[in-house]
2 protein chains.
Amino acid sequence: MSSVTPTESKTPATRMKSEDRRELILTAATEVFGEFGYVGTTTEKVAQAAGVSQPYVVRMFGTKEKLYLEVIHRALERLLEAFRGALAEESDKPLDHRIGLAYVTLMSDRGLLLVLMHAFVLGSDPVIGEAARCGFLEVYEFLRTEAGFDAGQSRQFLANGMLVNTMIGIRMSDEYSANPIARELLDESFPEKLDLLLELGDDRTTAGHEAAE
Amino acid sequence: MSSVTPTESKTPATRMKSEDRRELILTAATEVFGEFGYVGTTTEKVAQAAGVSQPYVVRMFGTKEKLYLEVIHRALERLLEAFRGALAEESDKPLDHRIGLAYVTLMSDRGLLLVLMHAFVLGSDPVIGEAARCGFLEVYEFLRTEAGFDAGQSRQFLANGMLVNTMIGIRMSDEYSANPIARELLDESFPEKLDLLLELGDDRTTAGHEAAE
DNA sequence: GTCTATACCAAGATAGAC
DNA sequence: GTCTATCTTGGTATAGAC
C-alpha cells in the first residue's frame with residue numbers, strides 16, 4: 001500500500017466532532033500533498049485517504065488552496081515545535097546536531113517535510129509562493145535568533161535540510177539495497193536516522209500514479 | 001511579463017525544420033515546466049510559450065509525459081556539460097569552487113535548474129521518479145568519479161545545490177530589497193553570481209497563475 | 001509541418017437530501 | 001455532520017484539413 005491509504009469502504013463516516021474530523025483530514029492531506037504536490041493532488045484522493053467524501057473535504061476547507069495553506073501552516077508549526085524541543089532538551093551534543101536530528105526525525109511524520117518542499121518550488125504562485133517564502137524565512141529566523149546560529153551555520157543547516165528533503169522526495173531509499181552508489185550517498189546524507197528513512201520506504205509504492213503501460 | 005512569454009499572435013508559425021522547432025519547444029517547455037511543475041504545466045501553456053498550437057506540441061512529442069522526460073534529459077545533459085567545462089577549465093581556483101560557479105551560472109538558462117528540482121520531488125511517480133533518481137545519481141557519480149570528490153564533498157556540493165534550487169524555486173530574490181533577513185540569507189547562499197539571480201527575477205511576475213481575487 | 005475543431009475525461013465546486 | 005448527484009471548467013489527445 002502507498003503512504004496514502006484509503007480508509008476502506010464508502011460507508012458513511014461515523015459522525016464525529018468537526019475539530020477531530022478536521023485534524024484527520026489535515027493529516028491525510030499532508031500525506032497526499034506530500035506525495036503528489038499541490039497540483040497533482042485531487043481533493044478526491046485526500047477524501048479517500050481520510051475516509052470521507054470529496055465534497056465534504058471541500059466543504060470543510062472552502063477550496064483546495066485553502067486546505068493546502070492550512071496543511072503548510074500546520075507543518076511549519078510542527079517543524080518549529082520540534083526545533084524548540086531540541087533547543088530546550090538537555091544534552092551534551094552540540095545544538096546544531098540536536099536540531100538536525102530533530103529535523104530528520106520529522107520524516108516519520110509522513111508528508112510533513114515533503115509538503116513543505118513542494119511549496120518551496122511553487123514560488124511563482126501568488127498565494128502559495130507567498131506562504132512558502134514566509135515559512136522558509138520563519139525557519140531561517142529561528143536558526144539565527146532562537147538557536148543562535150550565525151548566517152553561515154544557518155545557511156549550512158538549511159542546505160543540508162534541502163538535501164534531506166530531496167532524498168526523501170526522490171525516494172532515493174528505493175535504491176539503497178540494489179545500488180551501491182545510492183547507498184553511499186544515503187549513508188553520507190543521513191548521519192543518524194537513516195534507518196528511519198529506510199523503514200518509511202517499505203510500505204510505499206507507486207499506487208495512485210497512473211500505471212505505466 | 002512572466003518568464004513564460006507567449007510568442008505573440010495565432011498566425012501560423014512559419015514553417016521550419018522539425019529539428020529546429022523541436023528545440024524551440026523544448027526550450028519553452030523547460031521554462032514552463034520549471035515554473036509550474038509537471039502537473040501544473042499544460043501543453044497549452046507550453047504551446048503558447050513556443051508560439052505554436054497545442055496539438056502540435058502533443059503531436060511532436062507524443063504525450064506530455066514524454067515531453068517532460070525529454071526536457072529533463074536535456075537539462076541533465078546541459079548540466080553535466082557545464083560541469084565538464086568547469087573541470088577542463090584552466091584556473092587557479094579550486095575545483096569545487098569552479099564547478100559550484102558553473103552550477104549557479106546555469107540559473108541563466110531559464111527553468112533548467114527548476115525543472116530538475118520539480119522532478120526530484122516527484123519520486124513516487126513510476127516513470128518520472130525513475131528518471132529523476134537516475135539523473136540525480138548520474139550527477140553524484142560525476143562528482144565522485146570525474147571530479148574526484150570524496151563522498152563528503154559530493155554530499156556537501158549537492159546540499160548546496162539543493163539550497164540554491166530552493167532559493168530560486170521559492171523566488172526568495174523577490175524579498176531581497178525589502179527584507180533584510182532574506183537579503184542576508186541570499187548573500188550567504190550565493191557566493192558569487194547573486195547578481196545573476198536578482199536580474200533573473202526582474203521580469204518575472206505571477207502571470208500564468210490564477211490571479212488571487 | 002502546422003493548424004482548427006472536437007471528443008473525452010478528470011477534477012473542483014455547488015445544491016440539497018439525510 | 002456527512003453524503004449523493006451534478007454542474008462546469010479545463011486539459012490531453014485525436015482526426016483531419018491546409
Side-chain angles (χ1 to χ4, degrees), chain A residues 4 6-26 28-29 32-33 36-71 125 127-128 208-213, chain B residues 4 6-26 28-29 32-33 36-69 125 127-128 208-213:
Chain A
V4 180
T7 313
E8 298 305 312
S9 68
K10 302 290 164 190
T11 40
T14 52
R15 213 180 171 84
M16 76 192 281
K17 269 195 318 201
S18 178
E19 269 314 294
D20 296 345
R21 185 66 76 193
R22 199 180 181 79
E23 190 57 28
L24 205 68
I25 295 179
L26 282 172
V32 184
F33 278 125
F36 303 98
Y38 174 60
V39 197
T41 292
T42 66
T43 52
E44 174 67 37
K45 279 182 194 156
V46 172
Q48 286 183 345
V52 297
S53 70
Q54 178 267 329
Y56 186 60
V57 172
V58 176
R59 180 67 88 84
M60 178 162 265
F61 294 90
T63 65
K64 174 177 156 181
E65 188 178 69
K66 282 180 188 159
L67 170 59
Y68 192 61
L69 290 175
E70 283 216 41
V71 165
D125 182 288
V127 13
I128 295 174
H209 289 276
E210 343 70 35
E213 323 188 1
Chain B
V4 180
T7 312
E8 299 303 314
S9 67
K10 302 290 163 189
T11 40
T14 53
R15 213 180 171 85
M16 75 191 284
K17 269 194 317 198
S18 179
E19 269 316 293
D20 296 346
R21 185 67 75 192
R22 198 179 182 79
E23 191 56 29
L24 205 68
I25 296 179
L26 282 172
V32 184
F33 278 124
F36 302 97
Y38 174 61
V39 197
T41 293
T42 66
T43 53
E44 174 67 36
K45 279 182 194 156
V46 172
Q48 285 184 345
V52 296
S53 69
Q54 179 269 327
Y56 186 62
V57 171
V58 175
R59 180 67 88 84
M60 177 162 267
F61 294 91
T63 64
K64 175 177 155 180
E65 188 179 68
K66 283 181 190 159
L67 169 59
Y68 192 60
L69 290 175
D125 182 287
V127 12
I128 295 173
H209 290 276
E210 344 69 36
E213 322 193 1

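Predicted, not measured: the structure shown is a model, and the values here were computed from it. Letters A, B, ... are given to chains in the order of the sequence lines, protein chains preceding strands, and every chain is numbered from 1.
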Undergrad: Is a donor-acceptor pair below 3.5 Å formed from side chain B:Q54 to base D:dA13, judging by atom type as modelled?
TA: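 It does, because a donor-acceptor pair links the side chain of B:Q54 to the base of D:dA13 below 3.5 Å.
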Undergrad: Under the ring-ring contact (aromatic ring centres under 6.0 Å, His included) rule, collect the residues that match up with A:F33, sequence neighbours excluded.
TA: A:Y68
Undergrad: So, taking the atom named CD in B:Q48 and the one named CD in B:E44, what distance separates them when rounded to the nearest 0.5 Å?
TA: 4.5 Å
Undergrad: Side-chain contact, heavy-atom cut-off 4.5 Å: A:E65 with A:D125?
TA: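 Contact flag for A:E65/A:D125 side chains = yes.
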Undergrad: Regarding C:dA10, can its base be found pairing with the side chain of A:E44 as donor and acceptor, where the two atoms are less than 3.5 Å apart?
TA: no
Undergrad: From D:dG1, D:dA13, C:dA13, pick the nucleotide closest to the side chain of B:T63?
TA: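 Nearest nucleotide to the side chain: D:dA13.
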Undergrad: Whole Å only: how far is the CD atom of B:E65 from the P atom of D:dA13?
TA: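 For the pair B:E65 CD and D:dA13 P, the rounded distance is 9 Å.
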Undergrad: Just how far, in rounded Å, is P of D:dG11 from NZ of B:K45?
TA: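 Atom-to-atom, B:K45 to D:dG11, this comes out as 7 Å.
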Undergrad: For C:dG1, take OP1 and OP2 only and decide whether either is under 4.0 Å from a side-chain N or O of B:S18.
TA: yes
Undergrad: Among D:dT4, D:dT12, C:dC3, which nucleotide has an atom closest to any side-chain atom of A:P55?
TA: D:dT4
Undergrad: Roughly how many Å is it from OH in A:Y56 to C1' in D:dA5, rounded to a whole number?
TA: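 Taking atom C1' of D:dA5 as the reference, OH of A:Y56 is at 19 Å.
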Undergrad: Are B:I25 and B:F61 close enough, and set up right, to give a side-chain contact (heavy atoms from CB on, under 4.5 Å), and what steps lead you there?
TA: CA-CA 10 Å; B:I25 296 179; B:F61 294 91; 3.6 Å; yes
Undergrad: Between B:M60 and A:G40, name the one whose nearest nucleotide on DNA chain C is closer to the 5' end.
TA: B:M60
Undergrad: Sub-3.5 Å donor-acceptor pair from the side chain of A:K64 to the main-chain atoms of A:Y38, do we have one?
TA: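 Yes; judged by distance alone, with no hydrogens or angles, the pair exists.
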Undergrad: Counting any heavy atom closer than 4.0 Å, what does B:R59 reach on the DNA or RNA strands: base, sugar-phosphate only, or nothing?
TA: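 Touches a base.
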Undergrad: Are any of A:T43's side-chain N or O atoms less than 4.0 Å away from OP1 or OP2 of C:dA11?
TA: no
Undergrad: With heavy atoms under 4.0 Å as the rule, sort B:M16 into base, sugar-phosphate or nothing.
TA: sugar-phosphate
Undergrad: If I take atom CZ in residue B:F61 and atom P in nucleotide C:dT2, what distance separates them, rounded to the nearest angstrom?
TA: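 So the two atoms are 12 Å apart, to the nearest Å.
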Undergrad: So which nucleotide from D:dT12, C:dC3, D:dT2 ends up closest to the side chain of A:A13?
TA: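 My answer, after comparing the listed nucleotides, is D:dT2.
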Undergrad: How long is the line joining NZ of B:K64 and P of D:dT14, in whole Å?
TA: 15 Å
